[in-house]
Amino acid sequence: MTFATLGLIEPLLRALETLGYQTPTPVQAQAIPAVLAGRDLMAAAQTGTGKTAGFALPLLQLLTMEGPKVAANSARALILCPTRELAEQVHASVAEYAQHLPLTTYAVYGGVSINPQMMKLRKGVDILVATPGRLIDLFRQNALKLNQLQTLVLDEADRMLDLGFSEELANIYRMLPKRRQTLLFSATFSDDIRLLAGQMLNDPLSIEVSPRNVAANTVKQWIVPVDKKRKPELFVHLMRKGRWKQVLVFAKTRNGVDALVDKLQGLGINADGIHGDKPQATRQRALDRFKSSEVQILVATDVAARGLDIEDLPLVVNFDLPIVAEDYIHRIGRTGRAGNTGEAISLVCADEVNMLSAIEMLTRQTLTRKMEPDFEPEHRVPDTDASGQVVKKPKKPKKPKTSGGGGKRNLGKWVDSGEVTPAEPSIKPVRKVPVFNTGPRKKK
Ligand code: AMP
């Protein structure tokens with residue numbers, strides 16, 4: 001199969017040739033004809049499988065072939081993304097695909113001045129890439145009208161809902177024309193989000209090109225059990241031992257990012273960090289410098305987990321496991337992209353056993369454990385497997401029950417090496433279910 005057989009027009013084929021895209025990826029092979037036929041879409045694809053081109057190419061073609069010229073302060077297609085970095089990246093791809101077409105494209109997001117964006121929108125743009133908050137601001141300030149909108153794309157739709165954008169999305173839906181094409185793209189879809197998404201789409205075609213919630217099999221994954229307090233030391237040890245060149249590291253919190261960056265910089269290691277507290281310009285600069293290999297280690301919160309395309313990134317390290325199991329797939333999806341191989345190493349302490357269990361259950365695999373000599377943890381990480389079982393082996397006999405406790409089982413604590421290891425009351429995958437307000441349905 002070629003892009004030509006999918007029915008793409010010559011200026012797009014020329015752009016793809018320049019980019020070296022020879023064969024459509026599976027998601028592209030399915031999505032392109034469906035979008036060209038005007039269908040609504042709900043597409044689940046692994047990260048790094050080419051879903052941006054899957055929606056952008058047919059969208060560009062439709063906008064070129066059909067519809068009126070864009071009016072002032074208007075957009076004909078809107079691509080919503082959960083983070084600013086992703087909006088920038090999606091826009092860069094769209095602009096590349098559109099290089100031989102008479103279409104205008106632009107990206108708007110928060111954290112930077114709104115005025116230049118308002119100026120740019122005056123003449124209207126054919127394709128607008130946006131984060132939800134800034135889009136609403138621009139709309140409320142009359143810098144943008146959406147009555148000409150033909151197509152809405154939600155990229156990383158589940159993430160947008162997870163990030164608490166459900167209210168913004170409901171507001172945006174109210175601004176949109178009822179007749180439009182809607183495309184939902186995401187690497188992961190929980191059942192609740194599928195249900196909610198189903199309410200927004202019109203007779204959608206569902207595309208699932210890979211088993212759900214499975215990371216790309218080009219990524220070699222394993223964990224290193226370690227005590228929490230020794231994680232920084234282990235990281236530096238592994239880095240030196242493995243002669244790591246370019247590593248994207250995920251930490252759970254903003255403070256965690258800062259602390260690790262400080263520690264690494266203190267050791268003379270070329271590291272930088274990005275998280276939501278940093279100004280957008282600083283975030284983008286750190287990312288650009290990492291992409292161009294000027295920075296060796298980039299430490300990030302999950303702001304960097306989704307969608308970012310870093311060419312040939314060999315290694316992702318989870319300094320902390322993510323709280324939401326699905327984020328694990330997104331994080332490690334930064335490596336092993338476009339058929340390359342990659343490695344993902346997670347430093348796991350006893351406190352994180354329930355997160356580990358949730359990840360193994362979600363990805364339907366038991367992650368290999370590699371003990372690092374001299375770093376064997378004092379607080380053992382209990383055994384886990386893909387069934388979601390945490391095998392707890394208390395070394396000491398159980399304490400006799402002191403009270404009835406209402407007949408409930410004590411699921412939370414167990415005793416090992418004399419220390420109480422806090423555990424979650426449940427070992428189910430952690431799943432956030434957003435309260436999604438579909439707007440017009442609910443009368444205020
Ligand atoms: P995405 O999943 O959209 O972020 O794309 C991942 C990477 O694959 C990007 O670097 C794209 O430029 C690249 N890519 C997408 N489609 C193709 C294709 N058909 N052939 C070669 N590379 C591609």
Side-chain angles (χ1 to χ4, degrees), residues 1-9 12-36 41 43-61 79-99 105 107 127 129 153-160 183-189 207-210 213-219 246 248 287-288 290-293 304-314 316 326 329-342:
M1 186 188 296
T2 63
F3 284 105
T5 55
L6 292 177
L8 291 181
I9 53 177
L12 286 172
L13 297 177
R14 220 172 345 133
L16 294 177
E17 204 178 320
T18 319
L19 291 168
Y21 291 15
Q22 285 169 355
T23 319
T25 64
V27 69
Q28 291 163 0
Q30 293 191 51
I32 291 172
V35 177
L36 286 176
L41 213 63
Q46 290 177 334
T47 53
T49 53
K51 64 192 163 74
T52 313
F55 63 76
L57 294 170
L59 183 56
L60 288 164
Q61 178 150 334
I79 303 171
L80 283 177
C81 300
T83 66
R84 299 158 187 177
E85 285 81 1
L86 195 54
E88 237 345 295
Q89 183 181 297
V90 167
H91 175 251
S93 296
V94 172
E96 275 185 325
Y97 304 142
Q99 58 186 287
T105 65
I127 297 197
V129 187
V153 182
L154 297 183
D155 193 17
E156 308 282 0
D158 59 336
R159 180 61 166 179
M160 266 190 281
L183 315 174
L184 247 100
F185 278 78
S186 185
T188 51
F189 280 92
I207 295 181
E208 200 155 340
V209 292
S210 51
N213 298 332
V214 176
N217 54 18
T218 47
V219 182
Q246 195 193 21
L248 180 60
L287 187 61
D288 290 344
F290 181 65
K291 282 185 176 184
S292 64
S293 303
R306 295 268 177 152
L308 295 186
D309 184 30
I310 301 158
E311 215 171 312
D312 297 334
L313 178 68
V316 166
E326 285 168 359
I329 296 171
H330 293 290
R331 287 179 177 191
I332 71 164
R334 298 315 98 220
T335 179
R337 289 168 81 73
N340 290 328
T341 53

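All ligand and atom numbering here is 1-based and tracks the order in the structure.
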CG on L184 to CG on L154, rounded to 0.5 Å: 4.5 Å
When only distance counts, is P24 in polar contact with ligand 1, meaning an N/O pair under 3.5 Å? no
Taking N or O atoms only and a 3.5 Å limit, does T52 qualify as a polar contact for ligand 1?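 Right, the criterion is met.
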Given that the side chain starts at C-beta and the backbone is N, CA, C, O, which of these parts of T23 lies under 4.0 Å from ligand 1, counting heavy atoms, or is it both or neither? backbone
Applying a heavy-atom cut-off of 4.0 Å, say which part of F3 lies close to ligand 1: side chain, backbone, both or neither. side chain
Which atom of Q28 lies closest to which atom of P33, heavy atoms considered: O-CD, 4.0 Å
Over all heavy atoms of both residues, which pair between V219 and I332 is shortest? Give the atoms and the distance, please. CG2-O, 3.9 Å
Who's closest to atom 16 (N) of ligand 1 heavy-atom-wise, of Q28, Q22, E96? Q28
Count the heavy atoms belonging to other residues, nucleotides or ligands that lie under 6.0 Å from CD of E17, then report whether that count exceeds 12. no
What do the steps show when you test F3 against L12 for side-chain contact (heavy atoms from CB on, under 4.5 Å), and what is the final call? CA-CA 9 Å; F3 284 105; L12 286 172; over 6 Å; no
